[in-house]
Number of protein chains: 4
Amino acid sequence: MNVGKKMLPKQKEKKIKIFEAAREIFAEKGYENTTMSQIAFASNVAIGTIYEYFDNKEELFFYVAAERYETFDKELKIQLSGIKSAFDKIRKYIWFYFYYFQKDPVYAELWLFNIRLNKRLSASNEHPWMQQSGRVIIDMLREGQAEGIVRQDVSLYVIRHMILGSLEHAMTRWLLKGKVYDVLPYSENISDLIIEAIKKRS
Amino acid sequence: MNVGKKMLPKQKEKKIKIFEAAREIFAEKGYENTTMSQIAFASNVAIGTIYEYFDNKEELFFYVAAERYETFDKELKIQLSGIKSAFDKIRKYIWFYFYYFQKDPVYAELWLFNIRLNKRLSASNEHPWMQQSGRVIIDMLREGQAEGIVRQDVSLYVIRHMILGSLEHAMTRWLLKGKVYDVLPYSENISDLIIEAIKKRS
Amino acid sequence: MNVGKKMLPKQKEKKIKIFEAAREIFAEKGYENTTMSQIAFASNVAIGTIYEYFDNKEELFFYVAAERYETFDKELKIQLSGIKSAFDKIRKYIWFYFYYFQKDPVYAELWLFNIRLNKRLSASNEHPWMQQSGRVIIDMLREGQAEGIVRQDVSLYVIRHMILGSLEHAMTRWLLKGKVYDVLPYSENISDLIIEAIKKRS
Amino acid sequence: MNVGKKMLPKQKEKKIKIFEAAREIFAEKGYENTTMSQIAFASNVAIGTIYEYFDNKEELFFYVAAERYETFDKELKIQLSGIKSAFDKIRKYIWFYFYYFQKDPVYAELWLFNIRLNKRLSASNEHPWMQQSGRVIIDMLREGQAEGIVRQDVSLYVIRHMILGSLEHAMTRWLLKGKVYDVLPYSENISDLIIEAIKKRS
DNA sequence: AATGAATGAGTTTTCATTCAT
DNA sequence: GATGAATGAAAACTCATTCAT
């Protein structure tokens, strides 16, 4: 996503201000309980101005969602770079998932409670990043198969359900319980379990 | 849950009519986008009548949620009865999960999109069934440990995150994609993966 | 007023039960904020039963209003009996007003906040007691004029405005301030002022 | 009170339109029986627009109440200025009270039937004008005492009950009877009575 | 006579969106 | 481009009254 393509710096800044306020408030209150005037107030902009940059509330939300993914994805790629073994990559992925969401619970809320379940977003073709969001995992698994260490008898998509499901479930409970404990230690356990599950056995 | 204890049959019927309409519509549109007048219309009852039976919209939603769990739980216990091996129980559980949700997508929507993420419900102590809803899995795992076939080096709660997460993720995607394929076959693959993950190794 | 003329004792009792509950609740919450179901609950009777005895909410309220007046009036007459001098009667009246309302603030609320300002009640000819409610004062004043101690140059109706106004104002403030002080001592001061005002001077 | 400080003229006008409609309707129907949509209709404005200017129905009512007092108070002060004798001031006050309320029965209704009995308004400290509304009378009486013409043996607050009570009672009856006669002549009689009551005697 | 479930018009308030300035 | 006043449909919820039992 590109916030502010074809815009002069000044205007871009305003769009970003709105955008950041929206991100914060959507995360805090959820989509339904966020009002446009809250966003206008927080970004120090008139309500009408929001509509200069975004068609409507939902579109603004989708932009926020897209940006979240891009940021996560960019950092993820950095984290994964240089790692050879598929299993190590997977471990890194899992660790990064917990690390990133615990560090930025605003994003965690946004993703787990609002974005990932949005039907309209899920259906829309304008937001292909969503479909690709799980591509990394498939790729890692395929590499593992090429390495000969990941089993070939189970659909990679099923494995991805297991991986993402485990992570999302753990994080969701963490949020619902009030973020009162440290989730990062889950990383190792879950990695162990998952690698044991997908390891090729002779 | 008991819809309509102490009520005459006629009244009980009306409460059930409202209840069923609510269940359907909550599942279809989610909590926020369901209106009391939609429920009234669908149950062929005046708006005021809903308030004769349920204090407010949220209470009605929670009743629906509770009933969902009880029905699932009751059938689940029947399915599990007579099975000795912990692994077989887990396989049965996973199979039943897919079977039940695919058979009753109204419940699936309700659970996956509304109930499990409801903060107020999650926080409330009046709804202990919610906390107990994952007890079965812990019990099965403990039995497996007693049998000597489930690993002891990983927290059972982490394992539960993996199990429930895998199932929820698979079902959620199925719903978001429009229920256009058969999820039941996932059951075997996921069972295999999970058992491989938790199996005790010497 | 006669609550339950032509009724068998049993039915009369039920009407009285409703009536007493209504009196209490109207006084406590005011007309607008009292609901028929509150009255039904408090009188241990079905809502429909109230409508067996009273046409509607307003009529019930008017009955309560009438009864209040009758009770006050009856006690007042006893208090005044045997007193000869018009001034002493007036003093007694004023004392009794404070005494009665302070003793029964439920009635005070009812009268001062609800009944005396009700336009429909004021207009209705079915409730002649209301018009007569100030008759006693006019009578006392006339006696005073006959005695030759009350001035004749001012309309008795104006004097009555002064007397009732003084009492109502003092009591109203007492209620609005939360009934935290004793109003009875006002009695003597106000009596002094009023007698000084109406005394015939040569 | 200042309706519309910091507002551009156009907006100020709209606020005033709403305000005036509210005043009229509150006076006519009372607080409980006035609806926001009636006010919206009468001021030729959308319902939502009312909420742009006033937080809620009660606040709107309190604004109306405050304005009433200020207008009355301002004119009163003009009327009283230049008068030396306390008794003349009191006579003027009484005359003005009748004059003002008879001239503007909308205000009379508002004050006598709604404002002066409002418990929440009475309790709130945000509306100090209410408490000060009777200050003028106390001041006049004190001046009279300083002049040596007003008795010192009776609490000024009791005297105020008598004065305000007399006026309010007379006006209230006038309204309840349909404003079919002239109240202004009461002014002299009531003044006579009150001065006779409070005159210092040796 | 007694009931109380059922009604639905009516209430206050919210808020995404528009559009004249 | 920027504004924010204005909009009004729509929401949850209330409650006096009715009427079949």
Side-chain angles (χ1 to χ4, degrees), chain A residues 7-8 10-11 14-15 18 32-41 44-60, chain B residues 7-8 10-15 18 32-41 44-60, chain C residues 7-8 10-11 14-15 18 32-41 44-60, chain D residues 7-8 10-15 18 32-41 44-60:
Chain A
M7 285 190 179
L8 302 170
K10 240 334 180 6
Q11 295 156 353
K14 190 155 285 189
K15 184 165 188 177
I18 294 165
E32 303 284 359
N33 296 313
T34 294
T35 71
M36 293 303 263
S37 68
Q38 284 164 5
I39 295 170
F41 179 81
N44 210 27
V45 139
I47 290 180
T49 307
I50 300 178
Y51 287 88
E52 291 288 322
Y53 294 105
F54 301 93
D55 285 353
N56 52 46
K57 189 183 174 185
E58 193 172 63
E59 207 219 42
L60 174 53
Chain B
M7 285 191 179
L8 301 171
K10 249 315 179 24
Q11 297 156 355
K12 198 169 164 178
E13 264 172 41
K14 190 153 284 187
K15 184 166 189 179
I18 294 165
E32 303 282 1
N33 297 312
T34 295
T35 71
M36 293 304 261
S37 65
Q38 283 163 6
I39 296 170
F41 180 80
N44 210 28
V45 139
I47 291 179
T49 306
I50 300 177
Y51 287 89
E52 289 284 318
Y53 293 103
F54 302 93
D55 284 353
N56 52 49
K57 187 183 173 185
E58 194 172 62
E59 207 217 46
L60 174 52
Chain C
M7 284 190 181
L8 302 170
K10 238 339 179 3
Q11 295 156 353
K14 191 155 283 188
K15 184 165 190 178
I18 294 166
E32 304 285 357
N33 296 313
T34 294
T35 70
M36 294 301 263
S37 69
Q38 283 163 5
I39 296 171
F41 180 81
N44 211 26
V45 138
I47 291 180
T49 307
I50 300 178
Y51 286 88
E52 291 289 321
Y53 292 105
F54 302 93
D55 284 354
N56 52 47
K57 189 183 174 186
E58 193 172 62
E59 207 217 43
L60 173 53
Chain D
M7 283 190 182
L8 301 170
K10 249 318 183 17
Q11 296 155 358
K12 200 169 163 176
E13 264 171 42
K14 189 152 284 185
K15 185 166 188 178
I18 294 166
E32 304 281 3
N33 296 311
T34 295
T35 71
M36 293 304 260
S37 65
Q38 283 163 6
I39 295 171
F41 180 81
N44 210 27
V45 138
I47 291 179
T49 307
I50 301 178
Y51 287 90
E52 288 284 317
Y53 293 103
F54 303 94
D55 284 354
N56 52 50
K57 188 183 173 186
E58 194 172 62
E59 207 218 45
L60 174 52

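Within every chain, numbering begins at 1; the chains are lettered A, B, ... in the order of the sequence lines, protein sequences first and strands thereafter.
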For this session: Quick one: closest heavy-atom pair of B:A46 and B:A40, and the distance?
Result: C-CB, 4.1 Å
Seminar exercise, completed: B:N33 and B:Q38 have their tightest heavy-atom pair at O-OE1, 3.6 Å
For this session: Take atom OH of C:Y51 and atom P of F:dC15, then tell me their distance rounded to the nearest Å.
Result: 12 Å
Dump the pairs, protein N or O against N or O of nucleotides 8-11 of chain F, anything under 3.5 Å, distances to one decimal.
residue : atom : partner : partner atom : Å
F:dG8   : N7   : D:G48   : N            : 3.2

Exercise. Roughly how far apart are B:L60 CG and B:I39 CD1, rounded to 0.5 Å?
Worked result: 5.0 Å
Problem set entry | pair A:E59-A:N56: side-chain heavy atoms closer than 4.5 Å | yes
For this session: Let me know the distance between CD of B:E59 and C1' of F:dA12, rounded to the nearest Å.
Result: 15 Å
Seminar exercise, completed: Which of E:dT14, F:dA2, E:dA6 is nearest the side chain of B:Y53? It is E:dA6
Seminar exercise, completed: To the nearest 0.5 Å, atom CD1 of A:I50 lies from atom CE of A:M36 at 4.5 Å
Exercise. Roughly, in whole Å, what's the span from CD in C:E52 to P in F:dC19?
Worked result: 13 Å
For this session: Mind checking side chain to side chain donor-acceptor pair (under 3.5 Å) for C:E58 and listing every partner two or more places apart, or none if nothing turns up?
Result: C:R120
Exercise. Starting at NZ of B:K14 and ending at C1' of E:dA6, how long is that distance when rounded to a whole Å?
Worked result: 6 Å
Problem set entry | Value in whole Å for how far the P atom of F:dT17 lies from CZ of C:F54 | 14 Å
Seminar exercise, completed: B:N33 atom CG is separated from E:dA16 atom P, nearest whole Å, by 13 Å
Problem set entry | Euclidean distance, atom CZ of residue A:F41 to atom P of F:dA2 [Å, nearest integer] | 20 Å
Exercise. Roughly how far apart are A:K15 NZ and A:T49 OG1, rounded to 0.5 Å?
Worked result: 13.5 Å
Seminar exercise, completed: Nearest-nucleotide check on DNA chain F, B:N56 vs A:N44; residue mapping nearer the 5' end is A:N44
Problem set entry | A:I50 or B:E58, whichever maps to the more 5' nucleotide of DNA chain F | A:I50
Exercise. Between D:K57 and D:T34, is there a donor-acceptor pair closer than 3.5 Å when you use the side chain of the first and the backbone of the second?
Worked result: yes
Exercise. Say you draw a straight line from CD of A:E52 to CG of A:D55; how long is it, rounded to the nearest 0.5 Å?
Worked result: 11.0 Å
Problem set entry | Rounded interatomic separation in angstrom, taking CG from B:L60 and P from F:dA12 | 11 Å
Exercise. Got a minute to check which stems DNA chain F is part of, using Watson-Crick or G-U wobble pairs under 3.5 Å, three or more consecutive?
Worked result: E:2-21 with F:2-21
